[in-house]
Every structure is written in C-alpha cells, then in structure tokens.
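One structure is given below, encoded as structure tokens.
Reminder, nothing fancy here: chain letters follow the sequence lines and each chain counts from 1.
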Number of protein chains: 2
Amino acid sequence: MFSKACTYGIRGALYIASRSKAGEFTGVKEVASKLDIPQAFTSKILQTLVKSDIVTSVRGPNGGFKLNDEVSKTVLDVVLAIDGTDYFVGCALGLTECSSENPCPLHTEFVNIRSSLRNRLAAMSLSEARELLEEQHFRISG
Amino acid sequence: MFSKACTYGIRGALYIASRSKAGEFTGVKEVASKLDIPQAFTSKILQTLVKSDIVTSVRGPNGGFKLNDEVSKTVLDVVLAIDGTDYFVGCALGLTECSSENPCPLHTEFVNIRSSLRNRLAAMSLSEARELLEEQHFRISG
DNA sequence: ATAATAAAGGACAAATTAGTCCGGAATTAT
DNA sequence: ATAATTCCGGACTAATTTGTCCTTTATTAT
Ligand code: FES
Ligand code: FES
C-alpha cells in the first residue's frame, strides 16, 4: 500500500503531533525508540517532513522536531511528501493511460478506492490527531 | 498498490482469458509482446499462475497457456497467487497487531478500503472478463 | 527416430528500496 | 571560548524486487 518509509513517516508525524503541545520538541532518538524504527532511517524521513513544512526542527540541546502549526497539515500531506502521488495517479495495472475514456477492466474500482482513501487521509489533520490519540485508545507504536 | 509482477499477472491472465475461447493456447511470446511486458519475466509470472491452477500450460508446438475453466478463478486469485495477502492483512502502518480492539488511527479507513477492493476483485471472474473485454471497450495492453 | 517448438527452472544481473555510517553545521549550556 | 547536543547531508551497504540468460524437459510434426 505505502512504502515502509511512508508508514514510518505517518507514525513519526503522529507521534510528534501528540507530543508537541506547547513548544516541546521531540528528538529523533525518542521517536525512533518509541516507535521501534531504525534511528538513522527515522532521521532521514523526518528530514523529508521538515522540507515539506510538516514539522519544524531545531538543532542543539533540547532541540528536535515539533509539529508545524502555521498550517494544518494532514496525513495525506505526509503520504504525498514521502511516496508522492504514486498510490493515487495512473493506471493501477500499469497501462500508459488511465482515464474513463480508455479504462482498464478495474478502472472504476481503483478510482473509487483511491478517492475514498484520499478523502479519509485528507480528513485526518495532524493537529486533530493530537487530541484523538489522547482521547481515544489509538496506537502508533508496537 | 500491487507489485509490478502482480499487475503483469492480472493483465496476462485477462489476456489469456480473452483468447482461450475454445481450447486455444496462447504462447508467452504473444502475451509479452501484446501487453508490452518483458518476455522472460512474463514467463516467470505465468509459471506462478500455472502453479496456482489459474491457467493451464502445455509445452511443445501449438502449446502455451489457457484459462483453467475447471474452476472459476477471479482477479483476486491472481493477486493472492502473486502478491499473497500483503495488501489485505496486517496493519497498513506496520504495527505488530491489527485489530479493532487495538487499532491505529487509520484502522477503520484501511479496513473499509481493503474489504471494498477485495470484494470487487473477487467479483471479477476471469471467465466473465472474457466477455467484458469483448463487449465493452476495456483495455489491458498499452 | 529426429527435429522443431514451447514451457520449466535455475543461476545470474540490474534496479529500486531500505537502512547504516560518519563528518559537518547549528544551537545551547557551562 | 569550549564542549555537549542534535539535526543535516552525503556516501555507503544490505535487502528486495525486477528482469535476463541459458539449459533442460515435454510435446508435436515430419
Ligand atoms: S485505466 Fe487502469 S486504473 Fe484507470
Ligand atoms: S491497526 Fe493499523 S490498519 Fe488495523
């Protein structure tokens, strides 16, 4: 479905969101150990999220990552930042063109699945996730 | 979404289905060239479909592959034969457990998407696809 | 029987993805 | 200033997926 880097990225973003209440920063070490993701790889992925303006980073002691609250980014933004539009664009059977004028036998199915998932990912903002993760019994580690 | 091998497999199966009207066999050369898939790779993938009883093969002159009509296999069977249950099983965010008792924040979304796709793939049988491909203007090549 | 044809299967090569290592740059505390 | 901390970024390695090549085996036609 998504690349491993992407699922790590989603979980990382959710974890950081859940910890960036005030101006608290979370270090890559903590993210990696809490979510059980290789630390150096986590670092690479968080760098991508910084470049995509999803999280903000500061270096040095007490530094780390925090959610970029300026704009409200969504889980979809994380997916697009890491995996690009791969999942959502083009024929899922690899045909050169994907359109309702020239569809593959599963075109309608794929269009529905994709837009459905896209909508739901876009509906889950990271700032909202912060509360959800506390109020509900959701899990992003283990 | 699916591996490349899997999309090749689906298209290959559909092409063979569309050509196995009587007892006609389709060679790997034809499948590969018509669908623009590397021939040796096509061969590998069709071998998998043979092992999974989705198509039948015979060697020698006029040999090739034909749909195994004994049982009515579906596109889902092709997916399961090549990619296994990867797409449908386990947490899409890589958590060790996937259940409604211990869900990740996107669990409900993923469950819906997956079952929806699974149902639609299971509903598309390869023998039916034969007619669909002729009657409708579907495309499995290019 | 022999030769031609076509799938089966194993070993290998290329490409992509996943993951590591380490030196450098920024920030903070002493 | 210095040292400690923490992210950045490039180069590297490992694993997986994708794809090739070539030999063997089964089948058919002559
Ligand atoms: S043509 Fe295949 S998904 Fe649109
Ligand atoms: S727990 Fe993540 S998809 Fe079910």
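In this structure, B:Arg59 places its CZ atom 18 Å from C1' of D:dA29, rounding to the nearest Å. Between the P atom of C:dG19 and the CD1 atom of A:Ile45 lies a distance of 8 Å, rounded to the nearest Å. Residue B:Ile37 contributes atom CD1, which lies 13 Å from atom C1' of D:dT18 at whole-angstrom precision. Taking atom CD1 on B:Ile16 and atom C1' on C:dA6, their separation rounds to 14 Å, with Å as the unit. Look at NZ on A:Lys29: it is 10 Å from P on D:dC7, rounded to the nearest Å. With rounding to whole Å, B:Phe41 atom CZ is found 17 Å from C:dG9 atom P. The distance from atom CG of A:Leu35 to atom P of C:dG19 is 14 Å, rounded to the nearest whole Å. Rounded to an integer number of Å, the gap from CZ of B:Phe2 to P of D:dT17 is 16 Å.
Counting only N and O atoms by type, the side chains of A:Thr74 and A:Asp77 include a donor and acceptor under 3.5 Å apart.
Remark: B:Ser43 is not in phosphate contact with C:dG9, judged by side-chain N or O atoms under 4.0 Å from OP1 or OP2. Note on A:Gln47: a side-chain N or O is less than 4.0 Å away from OP1 or OP2 of D:dG9. Not one side-chain nitrogen or oxygen of A:Lys4 sits closer than 4.0 Å to the OP1 or OP2 atom of C:dT17. A sub-4.0 Å separation between OP1 or OP2 of D:dT18 and a side-chain N or O of B:Tyr8 is absent. Put simply, B:Asn62 has a side-chain N or O that comes within less than 4.0 Å of OP1 or OP2 on D:dA29. For D:dC7, neither phosphate oxygen OP1 nor OP2 lies less than 4.0 angstrom from any side-chain nitrogen or oxygen of A:Lys44.
Here CG of A:Leu133 is found 11.5 Å from CD of A:Glu128. Values are rounded to the nearest 0.5 Å.
In this structure, B:Phe25 reaches neither bases nor backbone, as no heavy-atom distance under 4.0 Å exists between it and the strands shown.
In the displayed structure, A:Asn119 atom CG is contacted under 6.0 Å by more than 12 heavy atoms of other residues, nucleotides or ligands.
For the pair B:Gln39 and B:Asp86, both in contact range of DNA chain D, the more 5′-proximal nearest nucleotide belongs to B:Asp86.
No continuous path of ILVMFWY side-chain contacts below 4.5 Å connects A:Leu95 to B:Leu35, so the two sit in separate hydrophobic clusters.
Comparing D:dT18, C:dC21, C:dT27 by their closest approach to the side chain of A:Pro61 singles out C:dT27. The A:Val28 side chain lies nearest to D:dC7 when the options are C:dT28, D:dC7, D:dG19.
Under a 3.5 Å cut-off, the side chain of A:Arg120 and the backbone N or O of B:Glu109 do not form any donor-acceptor pair.
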